[in-house]
Number of protein chains: 2
Amino acid sequence: MTNKKIRNMEEFATVSGLSRPTVSKYFNDPGSVRASTRQRIEAALEAHEYRPNIYAMNQNRKLTKTIGIVVPLLTDPYFAEIARNLEQRCIAAGYRPTLFSSHGDPALEVEVLDTLRSLKPAGVLLAPLGRASDHIALEKFCGDVPTLIFDSSVGEMGLSFVGSDNFQFTRHITDYLCRTGEPPCFFEMKTPANPNAHRRRQSYLNAMEAFGHAPNVISIEGEGWGFEEIGRLGGHQALEQGLFSTNTVLCSNDRLAIGLLTACCEKKVTVGRGPDTSIRIAGQDGHPHSRYTCPPLTTISHDYDAVSETAVEALFAVIDGAVSAWKSTRLEGRLILRDSA
Amino acid sequence: MTNKKIRNMEEFATVSGLSRPTVSKYFNDPGSVRASTRQRIEAALEAHEYRPNIYAMNQNRKLTKTIGIVVPLLTDPYFAEIARNLEQRCIAAGYRPTLFSSHGDPALEVEVLDTLRSLKPAGVLLAPLGRASDHIALEKFCGDVPTLIFDSSVGEMGLSFVGSDNFQFTRHITDYLCRTGEPPCFFEMKTPANPNAHRRRQSYLNAMEAFGHAPNVISIEGEGWGFEEIGRLGGHQALEQGLFSTNTVLCSNDRLAIGLLTACCEKKVTVGRGPDTSIRIAGQDGHPHSRYTCPPLTTISHDYDAVSETAVEALFAVIDGAVSAWKSTRLEGRLILRDSA
DNA sequence: CAAAATAATTTACGCGCGTAAATTTTTGAT
DNA sequence: ATCAAAAATTTACGCGCGTAAATTATTTTG
C-alpha cells in the first residue's frame with residue numbers, strides 16, 4: 001500500500017520516475033511503451049493505487065473507449081442475454097460498454113441516443129425499437145456516431161446490420177412441424193412492434209405454399225411490449241372461437257408462445273406432441289425461458305454467440321479504420337426440439 | 001435550425017448574448033437564473049442545438065449528476081425490473097442513471113465498483129451478489145461513495161439498507177399454505193447465493209413451529225445463478241427419492257419454483273390446488289415470469305414500487321445533505337394467489 | 001426616491017489530461 | 001564501431017468547463 005495519495009497523473013508520473021505524457025501513453029495503450037517503462041509504471045501502480053480521471057481523459061479526445069449498447073427492452077431476457085454477450089465481448093476487446101434500454105418507448109429511445117451522442121462513444125451497437133422508432137432521429141444519429149444495427153433492421157441504416165435470418169427460422173420450423181404432424185397455424189400480433197415479425201409471417205406463407213397446405217394466420221390484438229399477456233389473452237380468444245384450424249400452432253415469437261401456453265393451461269388444453277395431448281405449440285427465438293415452460297417449448301433459437309460476435313467484430317473493424325459498404329448479415333437459427341411440439 | 005455549429009459553451013453564450021458562467025449556471029440548475037435569462041438561453045437552445053460536453057462538465061466537479069445502479073444479474077427479470085424502476089426514478093429526479101450488472105461474478109462486481117468509483121457518481125444503488133461478494137471491497141467502496149444497499153443486505157454497510165421483509169414473506173405464505181391444505185415442505189439451495197435465503201428458511205422453521213407442524217427442509221445441490229436449472233434437477237431428485245413429505249412445497253424463490261414446475265411437468269406430476277392435482281407449489285418474489293408458468297405460480301411478491309421509491313428517496317436525501325444513522329428498512333410482500341397452490 | 005439587501009452576472013483562474021512537435025534514446029544495417 | 005532510421009520520451013500548449021471572488025443589476029425597505 002501507499003502512504004500518500006496520488007492526486008493526478010503528474011504526481012503518479014513523478015513517483016514512477018517518468019514524465020506525465022509517457023504515463024498517459026501507457027494508459028492509452030500499455031503496449032505502446034517500452035517493456036522496461038511498462039514495468040516501472042505497473043510497479044508504481046501496485047504501490048500507489050492511481051486511476052486516471054475518466055472525464056479529463058475523454059474531454060479532449062475525439063474518440064473515447066466507450067461502446068454504447070442499446071436494446072429496446074432490458075426486462076426481456078432475450079435482450080438481456082444478448083446485451084450481456086455483447087458487453088463481455090466489448091470488455092474483452094478493451095472497451096468500456098455502457099448499457100441502455102429504450103424501455104419500449106420511442107421517445108426514450110431518442111433520449112438515449114442523445115445521451116449517447118454526448119458520450120462520444122467509439123461506436124454503438126443498436127437494436128432499434130423497430131416500427132415505432134423515430135427513423136429520422138436514428139438516421140441522424142447513425143450519421144454522427146459509428147453505429148451497427150442488430151436484431152431488428154430498419155432500412156439500410158448505420159454501418160451494417162447483423163441479425164437472424166427470419167425467413168430461414170420460420171421456414172425451418174414450419175418444415176419440421178409439417179413433417180411431424182398437422183401443418184401449423186401461425187399465431188402473431190396484428191401490429192407487431194418488430195419488423196422481424198413481418199418476415200416470419202411471409203416465410204410461413206411461403207413454406208405452407210411450398211408444402212401445398214392452406215395457411216392460417218391468426219393475428220391478435222394488442223399493443224406494446226407485454227407479449228406474454230397479449231399471447232395469453234389472444235390465446236383465450238382463439239381457443240374459444242376455434243380459430244386454430246389444425247392442432248399445431250407456430251407462434252411468431254417465444255414470448256407469445258409462453259402466453260399461449262398459459263392460456264392453454266388455464267383452459268385445460270393439453271400441450272405436447274404425445275398421443276394424449278391436443279395441441280402442439282412452437283415458438284421462435286430460443287428465449288432463455290423457453291426451456292422452463294410446461295411443457296418445455298420447441299423453438300428455433302437465435303445463434304446468440306454468432307450474432308454477438310459478428311456484430312462486435314464488424315463494429316470494431318470500422319472503429320479500427322476499415323471501410324466497407326453497408327451490408328446485411330443474417331445468421332441461421334438452430335431448431336430446439338422439446339416437448340411442446 | 002442553425003447555420004453554424006456551436007462548438008462550446010463560450011460560443012453558445014455569445015449567441016445567447018450572455019457570459020459563459022451564466023450559461024453554465026443554467027445548465028447546472030435552470031432555476032438558478034432569472035426567468036428572463038432562462039428564456040433567452042432556451043430560445044438560443046432551440047435555434048442552435050448545443051449540449052455541454054459531459055466530460056468537461058464533470059472533470060472539475062467533485063460530485064456529478066450520475067447515479068450508479070448495480071445488480072447481481074441483469075438477465076434475471078426480477079433484477080431487470082427493479083433496475084428499470086430505479087432508473088426511471090433517477091431520471092425523474094434529474095439524475096443520469098448508469099446501469100451495471102455483476103453477471104453473478106464477484107470479481108466482476110469489484111471491477112464494476114472500480115469503474116463506478118472513477119465515474120464519481122453522486123450516489124450508488126447497490127444490490128450486492130451476497131455471500132460471494134468481496135465484503136472488504138464493498139466496505140471500502142461504501143466509504144468512498146454514498147452507497148445505498150438494496151435487495152440483499154451484507155452487514156451494516158453503506159448509508160442504509162432497503163429491501164423486503166423476508167421473515168414476513170415466508171411467514172405469510174407459510175400461513176396461507178398451512179390454512180388451505182397440508183403444511184409445506186421447504187425447497188431451497190444448500191448454498192444459496194443470497195443471504196435472504198437464510199432468513200426465509202429460518203422464517204419457515206419458525207412458522208411451522210408456531211403451527212405445531214414438523215418442518216421439512218429439502219436443500220438441493222447446485223452452485224451459481226442458474227436457479228431454474230438447479231430447481232429442475234433438484235426437483236427431479238426430490239420427486240424420485242420421495243423427499244417431499246407432504247403434497248405442498250414452498251420454494252425459497254420463484255426461479256427455483258419455476259425449475260421445480262418444469263421437473264413436475266417432465267415427470268407428469270400435476271400441480272395445483274384442485275382436487276385432481278397431486279402437488280401444490282408456491283414461490284417467493286413475485287418474479288415477472290411467475291404469472292406465465294403452468295399453472296401460474298402462487299407467490300408472495302416484493303413491493304417493487306415501494307422498495308424502489310424508498311431506496312431512491314433515502315439516497316437522494318443523503319445526496320441533498322441529510323445525515324442519518326444507518327438503518328434497515330424491510331417492506332412487506334403481497335400474497336399473489338394463483339393456481340399452483 | 002435613496003440606500004441597503006439581495007440576487008444575478010462577470011472576471012479570473014485552474015482542473016486533469018490529450019497530443020503535436022521537438023528532443024532524446026534505442027535499434028538496425030553497414 | 002558508425003550513422004541513419006525508428007521508437008520512445010519530453011516540452012509546450014490547449015481543451016471545455018466549474019467555481020470562488022468581484023462586480024453589477026434588481027428588489028426591498030425606510
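Note on naming: letters A, B, ... go to the chains in the order of the sequence lines (proteins, then strands), and numbering restarts at 1 for each one.
Contact annotation: A/T22 side-chain N/O to D/dA8 OP1/OP2 distance is not under 4.0 Å.
Evaluation of the ring pair (Phe, Tyr, Trp, His ring centres under 6.0 Å) test over residues 115-164 of chain B, restricted to residues two or more places apart or in two chains, returns none. Screening residues 36-45 of chain B for side-chain hydrogen bond (donor to acceptor under 3.5 Å, both in side chains) gives B/Y26-B/E42 as the qualifying pairs, with residues at least two apart or on separate chains.
We find that CG of B/D29 is positioned 13 Å from C1' of C/dA8, with the value rounded to whole Å.
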Within the 4.0 Å limit for protein heavy atoms, which parts of nucleotides 15-24 of chain D are touched? Write it as a string from 5' to 3', B for base, S for sugar-phosphate only, - for none. BBBBB-----
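Residues satisfying the side-chain contact (heavy atoms from CB on, under 4.5 Å) criterion with A/A137, sequence neighbours excluded, are A/V110, A/D134. Residues forming a side-chain contact (heavy atoms from CB on, under 4.5 Å) with A/S16 (at least two apart in sequence, or on another chain): A/F12, A/L18, A/A44.
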Pair up each side-chain donor or acceptor in residues 87-96 of chain A with any protein partner under 3.5 Å, not counting sequence neighbours, and list the distances.
unit_1: A/E87; atom_1: OE1; unit_2: B/H103; atom_2: NE2; d: 2.9
unit_1: A/Q88; atom_1: OE1; unit_2: A/R84; atom_2: NH1; d: 3.0
unit_1: A/R89; atom_1: NE; unit_2: A/N85; atom_2: OD1; d: 2.9
unit_1: A/R89; atom_1: NH2; unit_2: A/N85; atom_2: OD1; d: 3.4
unit_1: A/R89; atom_1: NH2; unit_2: A/D305; atom_2: O; d: 3.4
unit_1: A/R89; atom_1: NH2; unit_2: A/D305; atom_2: OD1; d: 3.1

